[in-house]
Every structure is written in structure tokens, then in C-alpha cells.
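Here is the structure we will look at.
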Amino acid sequence: MKKNTGLFKISLLFFLFTGTSITTFAFDTWWHAECTRKAMVANGFSADARLATQFSNYLTDFFPAFNMANEELVKAGIGQLQLAGDLSYEYMHFDAVYSEADIEKNWELLLNNTIRALRKYADGAAVRPGYRLPVLFNIIGASLHTIQDFYSHSNWVNLHTAMNITPVPIWYDVAVNDRKKLNLATGAYPDGSSSGHKNHADLNKDCSTRNLNKEAVEAAERASIDWVKRLMDSATTVPWSELKAYNIQKDMVLKRFLVNLDATFLTSSSIVLDHFDGKQPAKFVFSPTKELPKERAQAAIALSATIGQYSINVGMAENTFKLPTPYWAGHKAYHITRDLAAGLMLNGKKYVPPQ
């Protein structure tokens, strides 16, 4: 079988960066995963549906992290790797939005874009057989990622805790006129890119060692539950009953793809990149003794094995889209983040999907 050089290069990239941090955009993986889990459970979704959505939520961070790593390798003279360079991912983290009016518009657009994308891909004719449900989970997970990031990357939590308002309300709890009275903004990204505005590094609550992380996560959990319910109430043509009952436990192929490969990729790659819960994680996956060097070493072994299996999958002749597993389809085959990010603001620029 022909060796897949693309995934080999990704594997090389991971190990070049093992033990070092790559600046990332979002709540660290553990907190995104927890918010997403609670949202799906509260709205009656199965464990398999929850995991598929958590994985998509993570891919929304994975692609921009690799784009950034790619840039660092170019600067170091190592050469450019062909990764998934898609500008839409940069708009999916509620960064660098500097006015209440633009934040208001982003919320409106994200809801409308998500509903539109769900309706679009609920039609079986829009996707190849077998991909419809994974793509719908991808849309839910990616949109959740963005609304969760709002609570970490903006001053929303800071403002409400300063006013002794507890628990911190979610976006839809506060009337529009009251929101307009707040001096809302999200952090400049990259740091130092916008004079007069607080940086991402100052505002973010991405991991458990950051100030107001607990309050931001708690608000993001309630917001995530509310978001999924809003989608269910609005996108009525989506097969919600089928999505809620999603069960692949008797399908050994899909179960291996999602439970063995994708779930392992989510945890191991996050740990290797110091993005599971920062450099002093409160949660350990691979090391029962909670020793970070052992955690990283075991994660690297698991990651290497997973990428090896991905490489085999991608190399199969019948795999038209060259997907590591079907649960990447929304991102790599149908580019759902382009649908979700349409019109969103970042550093004063609107995202315009490619024609």
C-alpha cells in the first residue's frame, strides 16, 4: 500500500512539538469536552452522539493549532507542511471582536448560520451515504465550540463577577438593551495586534489555573445546554430523534473509528500539545500517579499508534475523501466551518467563504 505522506508529516509535526506548547485559541480540551458532554446529556442524546459531538468540538481547535505550528516550522526553515489551512477556523473562537455591536452580530449570525447548515445537511442528498449523521454532529460540535469560547475569551464573565452577579448569566439571559450598556469586547488575537484592547493572554480563562476559569466554565455549560435546545427548537427538519438515539456499539467498524481512534486522538494530541488543561492539569488520562512527564510520554505513544491507523484508513482506495475516520467528514469533506463562520468578525474583518 502506498504510504500516505500527508499523515506522516502530521506525525512528524507532533513529535517536533512534543513537550512544547503551541498557543491555541480556546478553552482547553477538557473544558470544551465537559461543556459539550453536559449539553448533550441534558438534551437527551446518547453516549455515542455525545462523543461524536465532542470530537468535532475538538477538531475546531485542531486545525488552527496545526496551521500555527506550520507557520512556526516555516520560520524555523524546516519547510512548509501541507495542512488544512482554512481561514474559517480562525473565526470560530470569538477572538478579537471589539464592540458590543459586533459581538451582538456574531451571536446572531452564528445562530442563523448553524440552523441553516443543519437544515442543509439534514437533507440526505447533500452528503454521501453514511456521512449525514457525522456531519450533523460536526456542525453541533463546532458551533458549541464558538459559543463556549465567548465565555472564556470575552470580558462577559469579568464584568458580571465585578458586579457580584452570580451565577454569571448566559448571553440569552440578558436583554438586548442591557447588553448594550456593557462595555463588551473579546481579547486581541494575536496578542499585541490591536492597540488599546486587552490581549487574549490577559482575558482568557482557558484552563484551570487561569483566573475565573470556574465561573467561565459554569456559564459555558449552561450556555451549551441552552444552545443545543435552541437548535433543536429551530431546525425542525433535522432528524433529532435519530441523532439522540445514535448507537454504534454493535457496529464494530464505526465503534473502532469513534471510540478507539478519534477519542484517543482527542485526548492524546491535546496532552502532547499542552492543551488538555494547560501545563498544570487538574485532570490526568494516562498517568494514574498524575506525573506530567509520564502523562505526556504515554500520550505520545497512544498518538503515534492512532496516527498510524489513520494513515492506513486514508490510504484506502475506497476512501474518496481521504478521511482518517467518517467523523472528520464535516470538516475535511464538507467544510462546515465555512458555513458557520460566514460573516463573523475577527480583527475588524468579516469572514467571506470561498466561492
Side-chain angles (χ1 to χ4, degrees), residues 24-65 89 92-94 107 110-111 113-115 117-118 133-153 170-172 204-208 213-232 235 238 240 243-248 258-259 262-271 275-277 281-283 285 325 327-331 336-337 340:
T24 47
F25 293 92
F27 264 134
D28 281 359
T29 301
W30 171 244
W31 304 114
H32 272 301
E34 274 297 280
C35 290
T36 302
R37 178 183 67 81
K38 291 183 179 180
M40 300 303 280
V41 170
N43 282 288
F45 288 82
S46 69
D48 291 334
R50 176 262 304 163
L51 183 55
T53 308
Q54 287 174 307
F55 181 64
S56 177
N57 190 305
Y58 174 62
L59 288 182
T60 312
D61 258 351
F62 167 77
F63 287 116
Y89 285 95
M92 295 295 294
H93 308 278
F94 242 120
W107 272 95
L110 184 63
L111 180 60
N113 290 350
T114 305
I115 292 168
L118 286 169
L133 298 185
V135 169
L136 293 174
F137 288 129
N138 287 162
I139 293 167
I140 299 167
S143 67
L144 277 169
H145 188 104
T146 308
I147 68 109
Q148 290 160 2
D149 272 357
F150 171 76
Y151 297 93
S152 180
H153 296 174
I170 67 171
W171 178 260
Y172 292 108
N204 86 77
K205 307 153 190 75
D206 288 345
C207 64
S208 57
N213 168 264
K214 181 180 178 181
E215 292 82 356
V217 169
E218 197 276 334
E221 287 173 350
R222 287 184 285 111
S224 298
I225 294 169
D226 175 84
W227 183 258
V228 174
K229 186 178 186 304
R230 284 178 189 275
L231 297 181
M232 292 168 59
V238 172
W240 292 111
L243 289 169
K244 283 186 175 186
Y246 190 65
N247 188 328
I248 55 171
L258 180 61
V259 178
D262 291 337
T264 301
F265 183 77
L266 181 155
T267 53
S268 62
S269 59
S270 299
I271 292 166
H275 191 50
F276 195 69
D277 183 32
K283 167 79 173 178
V285 177
T325 79
Y327 299 96
W328 295 63
H331 291 267
I336 51 105
T337 54
L340 298 178

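All residue numbers refer to positions in the sequence shown, counting from 1.
- Taken from CZ in Phe55 to OG1 in Thr36, the straight-line distance is 13.0 Å, to the nearest 0.5 Å.
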Task: Worked verdict on Leu111 versus Trp107 for side chain to side chain contact (heavy atoms under 4.5 Å, CB included) - done: CA-CA 6 Å; Leu111 180 60; Trp107 272 95; over 6 Å; no
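- Note: Leu144 CG to Gln54 CD = 10.5 Å, rounded to the nearest 0.5 Å.
- Of all the heavy atoms in Lys205 and Ala216, the pair that sits closest is CD-CB, 3.6 Å.
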TODO: Apply side chain to side chain contact (heavy atoms under 4.5 Å, CB included) to the pair Phe150 and Ile147, showing each step before the final yes or no.
DONE: CA-CA 5 Å; Phe150 171 76; Ile147 68 109; 5.6 Å; no
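- Under the 3.5 Å distance criterion, the side-chain polar atoms of Gln148 are left unmatched by any main-chain donor or acceptor of Ala220.
- Within the 4.5 Å cutoff, the side chain of Val285 has heavy atoms near those of the Ile271 side chain.
- Judged purely by distance below 3.5 Å, without hydrogens or angles, the side chains of Asp28 and His275 pair a donor atom with an acceptor atom.
- More than 12 heavy atoms of other shown residues, nucleotides or ligands fall within 6.0 angstrom of atom NZ in Lys244.
- Ser143 has its side chain within reach of Leu231: a pair of non-hydrogen atoms, C-beta onward, lies under 4.5 Å apart.
- Nearest heavy-atom pair, Asp48 versus Tyr246, reported as atom, atom and distance to 0.1 Å: CB-O, 3.5 Å.
- In this structure, CG in Asn43 is found 9.0 Å from CG in Asp226, a value given to the nearest 0.5 Å.
- Counting heavy atoms from C-beta on, the side chains of Phe62 and His331 never come closer than 4.5 Å.
- Between Ser46 atom OG and Met40 atom CE the span is 7.5 Å, to the nearest 0.5 Å.
- In this structure, the side chains of Trp240 and Leu118 come closer than 4.5 Å at one or more pairs of heavy atoms.
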TODO: Determine, step by step, whether Phe137 and Leu243 satisfy the side chain to side chain contact (heavy atoms under 4.5 Å, CB included) criterion, reporting the C-alpha distance in whole Å, the side-chain angles of both residues, the deciding distance to 0.1 Å, and the verdict.
DONE: CA-CA 8 Å; Phe137 288 129; Leu243 289 169; 3.5 Å; yes
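- In this model, no donor atom of one side chain and acceptor atom of the other lie less than 3.5 Å apart for Ser208 and Asn213.
- Between Ile140 and Thr114, every side-chain heavy-atom pair lies at or beyond the 4.5 Å cut-off.
- In this structure, His145 has its ring center under 6.0 Å from that of His32.
- Scanning both residues, Ile170 and Ala219, for their nearest heavy atoms gives CG2-O, 3.5 Å.
- Closest approach of Ser270 to Thr29, counting heavy atoms only: OG-OG1, 2.8 Å.
- Rounding to the nearest 0.5 Å gives a distance of 13.0 Å between OG1 of Thr53 and CZ of Arg37.
- With Ser152 contributing its side chain and Asn204 its backbone, the two residues share no donor-acceptor pair below 3.5 Å.
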Task: CA sep, side-chain torsions, deciding dist, call: Val217, Tyr151, side chain to side chain contact (heavy atoms under 4.5 Å, CB included) - done: CA-CA 7 Å; Val217 169; Tyr151 297 93; over 6 Å; no
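- Side-chain N/O atoms of Asp206 and Trp31 include no donor and acceptor closer than 3.5 Å.
- Side-chain atoms of His93 never come within 3.5 Å of backbone atoms of Asp149 as a donor-acceptor pair (strictly under, hydrogens ignored).
- Shown here for Ile139 and Ala117, the closest heavy-atom pair between the two residues is CD1-O, 3.6 Å.
- A donor-acceptor distance shorter than 3.5 angstrom exists from the side chain of Ser56 to the backbone of Asn138, with no hydrogens or angles considered.
- With respect to Asp262, the side-chain hydrogen bond (donor to acceptor under 3.5 Å, both in side chains) criterion is satisfied by exactly one of Tyr327, Tyr58, Trp328: Trp328.
- Rounded to the nearest 0.5 angstrom, Leu51 CG and Phe45 CZ are separated by 14.5 Å.
- Between Tyr172 and Arg230, the shortest heavy-atom contact is CB-NH2, 3.0 Å.
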TODO: Begin with the C-alpha distance, continue with both residues' side-chain angles, and end with the deciding distance and a verdict on salt bridge (Lys or Arg N to Asp or Glu O under 4.0 Å) for Glu218 and Arg222.
DONE: CA-CA 7 Å; Glu218 197 276 334; Arg222 287 184 285 111; 2.9 Å; yes
